Protein chains: 2
Amino acid sequence: MTWEILAEKGLKATPQRIIIYDALMNEHSHPTTETVYERIKVIHPTISLATVYKTLETLVEYQLADKVSTVEGTYRYDGKTEDHHHIIIEETNEIIDFDDQQIKDLLKAHLAQKNIENLKITNISIQIRGRKIDDSKTITINKF
Amino acid sequence: MTWEILAEKGLKATPQRIIIYDALMNEHSHPTTETVYERIKVIHPTISLATVYKTLETLVEYQLADKVSTVEGTYRYDGKTEDHHHIIIEETNEIIDFDDQQIKDLLKAHLAQKNIENLKITNISIQIRGRKIDDSKTITINKF
DNA sequence: GTATATGCAAACTTTTTGCATCAAA
DNA sequence: TTTGATGCAAAAAGTTTGCATATAC
């Protein structure tokens, strides 16, 4: 239940926060603030854009969401807080999640050999940029 | 010579472009547009901020620079176009370049096994986030 | 009842644009 | 001479803020 997740963090479970949180969790396309606002207006037409801005920042602050950096000039948010990676399609700026626990271990082992001094690593993420070979098809990842 | 690099791309070698390009190449701290502008004003006080914006975008377009994505709300530029990675210090948002050709090969080999369909990879970059263990010291990378 | 969140509008920051002038090729 | 770049100021885009009202706890 979303209100419990918010309560655990000591946040008041307002309808706005619940709707924004739920919208983010159900939206896997790394929406901008504006996109979240547009989606939410359908069910909650009186919500203010400023509230969406404030709430998304609050969720990041309390580690219930991530802010994803892009080169587009707008922030994007991500309901996932577990480690994962991103595939970015160049023409469309579409962001696809890519879960792969092995990558982190692979890189950690590699970096250990590099003897980086005075750095405590908190997160490693990779970004794979590319383009679709066939625009009409989706990208599929067949792990095995 | 900078004018030759610009000419090769079919770009007019204006004094502004040469100064901006040179400033970016000599500045390894991944400056924002504003920072580049402030630096350049010292030697070229009449330059316009709009020109710096336009020129940096032109350099990216002609692959003479990279745009680096951050979560700060401003763009940052990078004079390097070869593959390299970034270490981001969390408190300060400082960005440190990290050259490591092996990482790309390591990841390419790993990803080949994942059987990702319909994606042509153009670039792989990793971001290592962390904090300094000792704030007063720098981070050193001792490759071996 | 109290502390905190919302919603509005205004302010602010960053980036883009249109256009007349200017300079490189 | 021609083509494209610069610089200015104005506009647009994106984000933050102050404050009165409303609501969760």
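Everything numeric in this text was worked out from a predicted model, so none of it was measured. Throughout, a chain's letter reflects where its sequence line sits, starting with A, and its residues are numbered from 1.
Between the CD atom of A:Glu34 and the P atom of D:dT16 there is a distance of 13 Å, rounded to whole Å. Summarising the geometry, the separation between CD1 on B:Ile19 and C1' on C:dA23 is reported as 14 Å, rounded to the nearest angstrom. Taking atom OH of residue B:Tyr75 and atom C1' of nucleotide D:dA13, one finds them 10 Å apart after rounding to whole Å. In this entry the distance linking NE2 of A:His44 with P of C:dA5 reads 16 Å, nearest Å. At whole-Å resolution of the value, CZ in B:Arg17 and P in D:dA5 are 4 Å apart. Rounded to a whole Å, the CG atom of A:Leu56 is 15 Å from the C1' atom of C:dT6. One atom, CD of A:Glu4, and another, C1' of D:dC25, lie 16 Å apart when rounded to the nearest Å. Straight-line distance from the OH atom of B:Tyr37 to the C1' atom of D:dT6: 13 Å, rounded to whole Å.
For B:Ala50, taking side-chain heavy atoms from C-beta onward, the closest of the listed nucleotides D:dA9, D:dC19, D:dA5 is D:dA9. The nucleotide whose nearest atom lies closest to any side-chain atom of A:Ile47 is, among D:dC8, C:dG7, D:dT15, C:dG7. Each of C:dC8, D:dT6, C:dT14 was ranked by its minimum atom distance to the side chain of B:Thr74; first place goes to C:dT14. Checking D:dT15, D:dA5, D:dT17 against the side-chain heavy atoms of A:Leu49 singles out D:dT15 as nearest. Side-chain proximity of B:Gln16 to the nucleotides C:dT15, D:dG7, C:dG7 is greatest for D:dG7. Listed nucleotides: C:dT6, D:dT6, D:dT15. Nearest to the side chain of A:Thr33: D:dT15. Taking every side-chain heavy atom of B:Lys12 into account, D:dG4 is the closest of D:dG7, D:dG4, C:dT14. Taking the side chain of A:Lys54 as heavy atoms from C-beta on, and the options C:dG7, D:dC8, C:dA5, the nearest nucleotide is C:dG7. The side chain of B:Tyr53 sits closest to C:dT14 out of C:dT6, C:dG7, C:dT14.
Dashed line: the shortest gap from a side-chain N or O of A:Thr51 to OP1 or OP2 of C:dG7 is under 4.0 Å. Side-chain nitrogen and oxygen atoms of A:Thr14 include none within less than 4.0 Å of the OP1 or OP2 phosphate oxygen of D:dT23.
By the criterion of side-chain heavy atoms lying less than 4.5 angstrom apart, applied directly or through intervening Ile, Leu, Val, Met, Phe, Trp or Tyr residues, B:Ile20 is grouped together with B:Met1 in one hydrophobic cluster. In terms of hydrophobic clustering, with Ile, Leu, Val, Met, Phe, Trp and Tyr side chains grouped at heavy-atom distances under 4.5 Å, B:Leu64 and B:Ile19 are assigned to a common cluster.
The pair B:Lys67-B:Glu57 meets the salt-bridge criterion, since a charged nitrogen lies less than 4.0 angstrom from a carboxylate oxygen.
No engagement by B:Thr32 is indicated, since no non-hydrogen atom pair under 4.0 Å with the nucleic acid exists. A:Ala13 comes within contact range of the sugar-phosphate backbone alone, with a heavy-atom separation under 4.0 Å but no base atom that close.
Classification of the A:His84-A:His30 ring pair by plane angle, with boundaries at 30° and 60°, yields tilted.
Checking each of A:Val52, A:Leu49, A:Thr74 against A:Glu34 for a side chain to side chain contact (heavy atoms under 4.5 Å, CB included) leaves exactly one that passes, namely A:Leu49.
Side-chain contact between A:His86 and A:Ile96: absent, with no pair of heavy atoms (C-beta onward) separated by less than 4.5 Å.
Comparing A:Glu57 and B:Thr58 by the nucleotide of DNA chain D whose heavy atom lies nearest to each, the residue mapping closer to the 5' end is B:Thr58. Each of A:Leu11 and B:Pro15 lies near DNA chain C, and the nucleotide nearest A:Leu11 is the one positioned closer to the 5' end.
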